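Structure first, commentary second.
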Amino acid sequence: MKIAVCVKQVPDSETRINLAAPAAKLDQTGFTRVLNPYDAYAVEEAVRIKEARGGEITAITVGPVTVKETLKKDCLAVGCDKAIIVDDPLLAGADEAAIAEVLCAVLKREAYDLILFGIKAIDDDSGQIGILVAEKLGLPHVSTITKLELGEGSLTAHREIEGGREIVDCPLPAVLTCQKGLNEPRLPSLPNIMKAGMKPMQIVTCADLGVAPPASLVEIRQYSPPPARGACRLITADDAAAAARELARVLNEEAKVI
Amino acid sequence: MPNIAVFIEQRDGAFKKVAWQMISQARKLADANGGEVWGVLLGGDAAAAAALAGKHGAHRLFAAADGLERYDSERYGTALAAFCRAQNPDLVLIGATAMGRDLGPTAAAKLGCACVSDAIGLKFEGGAWEVRRPVFAGKCFVDVVPKTAPAIVAIRPNAFMAADGGGAAAPLASFDAGQAQAAPKAVVREIVSADGGRVELTEADIVVSGGRGIKGPENYALIEDLAAALNAAAGASRAVVDAGWVDYSHQVGQTGKTVGPNLYIACGISGAIQHLAGMSSSKCIVAINKDAAAPIFKVADYGLVGDLFEVLPELTKAVRGIRG
Ligand SMILES: Cc1cc2nc3c(=O)[nH]c(=O)nc-3n(C[C@H](O)[C@H](O)[C@H](O)COP(=O)(O)OP(=O)(O)OC[C@H]3O[C@@H](n4cnc5c(N)ncnc54)[C@H](O)[C@@H]3O)c2cc1C
Ligand SMILES: Nc1ncnc2c1ncn2[C@@H]1O[C@H](COP(=O)(O)O)[C@@H](O)[C@H]1O
């Protein structure tokens with residue numbers, strides 16, 4: 001099995017965004033960067049498949065080379081075999097469609113049986129790139145998977161939907177986007193982190209891939225802080241029961257939400 | 001003329017109400033800027049959809065049925081792309097549901113057009129659409145302008161209000177869904193429903209969530225009872241999900257579901273930044289927590305400092321009294 005896992009480095013989920021007024025750009029300096037949590041499910045699933053069947057896993061990312069440590073620790077040290085970084089200043093501000101084009105250019109260089117993504121990146125919260133890549137490569141895709149069984153030349157995946165799941169049969173090669181519940185990602189061990197330093201990490205530009213930096217289809221106009229919320233009104237009463245009744249009354253008569 | 005097409009999602013013949021919310025909002029935009037609102041239905045009952053679409057403001061309904069009874073990304077993606085090529089809408093709105101999040105990028109890639117996910121606001125200004133969406137799990141908003149026509153925009157359920165304009169059934173036209181009938185490569189073999197009749201978190205008007213303060217899985221019933229009394233969906237913090245007390249499908253937050261109901265009641269939830277990420281766009285937030293210093297009170301509109309084991313049964317009783 002040849003497996004590709006597309007991963008992104010994102011600001012840690014604890015990150016606070018201090019934006020007092022609308023701004024054309026978001027200052028992201030000083031953010032702690034980690035592997036996108038959903039991509040960890042994709043990496044883990046790839047490693048489990050390799051452990052069961054053998055094969056090779058390539059982790060691919062588009063972004064500045066500062067991603068190296070994350071790739072080493074969270075991809076190579078847990079079982080990926082090599083990494084490819086597309087670092088190109090011409091891609092600054094690229095949207096989902098443009099990143100998907102670049103990933104396709106990388107993915108076309110080898111024949112992968114399976115291409116794994118996270119369901120979404122927790123910074124742009126967009127959840128598009130895996131599906132865009134599948135369509136651009138003309139491959140079938142199953143998104144938001146919580147369970148995967150591989151057959152010979154095919155797979156069966158469980159796809160989460162509202163109130164249940166779809167069970168989807170799909171031939172290989174295929175593209176999957178991974179949701180929480182699929183597996184429990186392992187943590188890298190210290191010796192493996194040391195050894196990961198020996199694994200190949202290739203850094204390329206769009207020119208190396210033979211593609212022009214793709215155009216974005218969406219233009220960013222401005223970032224703004226979410227509307228501020230009013231002060232909290234505390235409901236007090238002599239005892240819990242009275243407070244509960246008062247809360248119900250306020251929600252019904254004043255807030256008119258029940 | 002900026003015509004707006006709205007995808008009407010149906011599963012097993014049941015329509016998703018986000019469709020009527022989008023049609024209502026699209027109609028307001030069309031009334032202000034010219035252009036028409038078109039419903040687009042794949043599979044399902046076209047006459048029923050035409051009546052509801054018309055009532056909420058659609059000018060027409062385009063429907064295709066062959067091979068489209070049940071969702072799969074290939075046939076639906078092909079059908080929606082064929083519709084866009086034939087009718088040239090300026091904007092295509094899709095609900096940001098499990099189906100919509102799959103269909104949007106699928107159709108966009110086929111059309112080579114822009115796709116914007118999970119939007120909560122939409123404006124037409126100077127001949128261009130401006131779409132507002134939360135990023136960084138709602139910690140900030142971004143306004144974006146799609147540079148293609150059509151542009152596909154997924155709208156978060158409950159971001160807009162449905163308005164019953166009382167219109168007549170929308171005139172119905174069927175359309176050729178292109179290759180939609182061809183067998184897909186990825187085949188949905190079966191649909192398994194988790195537990196029937198449950199109110200879906202992302203669509204609910206009211207959500208009641210429990211956190212680690214409920215102490216154990218047996219006490220999640222307190223959350224479910226209040227939810228049942230309010231006809232609400234039951235949610236949970238990640239602490240509760242990771243402890244195995246409830247299924248992941250209940251998790252609200254940055255790595256769970258994003259909800260924006262009219263009322264969100266957080267019980268025994270501290271209000272970690274990752275939890276707030278999934279619910280801070282709720283219109284009214286109530287916090288019930290025994291720790292007056294819990295961060296959840298910073299985002300709450302109403303707070304009750306108390307022991308949830310004492311408060312919740314009484315609150316459920318009081319709600320039953322009010323709602324009859
Ligand atoms: C990458 C990442 C992603 C994450 N994603 C999510 C996510 O999607 N969703 C999410 O929720 N969390 C998420 N978290 C976890 C988050 O950081 C918190 O750990 C979690 O939200 C805490 O859950 P909690 O509020 O239920 O528990 P706690 O923080 O332990 O809070 C329990 C609260 O219950 C109160 N309490 C206790 N007993 C009672 C009582 N008898 N009556 C009333 N109140 C009582 C306490 O005062 C306390 O405030 C994520 C974390 C990381 C690192
Ligand atoms: N810059 C990137 N490089 C490689 N993979 C990416 C990149 N951005 C996103 N992805 C992948 O696409 C998924 C969805 O991202 P998004 O559509 O941006 O929310 C992520 O979980 C990653 O698997």
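From a predicted model like this one, the values you see are computed outputs, not experimental measurements. Chain identifiers are assigned alphabetically (A, B, ...) following the order of the sequence lines, protein sequences preceding nucleic acid strands; residue numbering begins at 1 within each chain.
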In terms of heavy-atom pairs under 4.5 Å, which option from [options] contacts chain B the most?
options: A/K136, A/R245, A/R233, A/R229; result: A/R229
options: A/I131, A/D239, A/V250; result: A/I131
options: A/T144, A/V142, A/L19, A/T15; result: A/T15
options: A/P225, A/P226, A/C170; result: A/P226

Go through the atoms of [X] and report whether side chain, backbone, both or neither lie under 4.5 Å from a heavy atom of chain A.
X: B/K317; value: neither
X: B/Q251; value: side chain
X: B/E190; value: both
X: B/T97; value: both
X: B/Y248; value: side chain
X: B/T316; value: neither
X: B/V131; value: neither
X: B/R101; value: backbone

Closest contact, heavy atoms only, [X] versus [Y]:
X: B/S281; Y: B/G260; answer: OG-CA, 3.9 Å
X: B/I152; Y: B/A107; answer: CD1-CB, 3.8 Å
X: A/K8; Y: A/D123; answer: NZ-OD1, 3.0 Å

Note: vs chain A, highest number of non-hydrogen pairs under 4.5 angstrom among B/A232, B/A287, B/C115 is B/C115
Counting heavy-atom pairs under 4.5 Å to chain A, which of B/L263, B/D118, B/D102, B/T258 comes out on top? B/D102
Please assess B/R70 against A/E166 for the test salt bridge (Lys or Arg N to Asp or Glu O under 4.0 Å), listing each intermediate value before the final yes or no. CA-CA 11 Å; B/R70 183 186 268 190; A/E166 295 173 345; over 6 Å; no
Checking heavy atoms, do the side chain of A/L251, its backbone, both or neither come under 4.5 Å from chain B? side chain
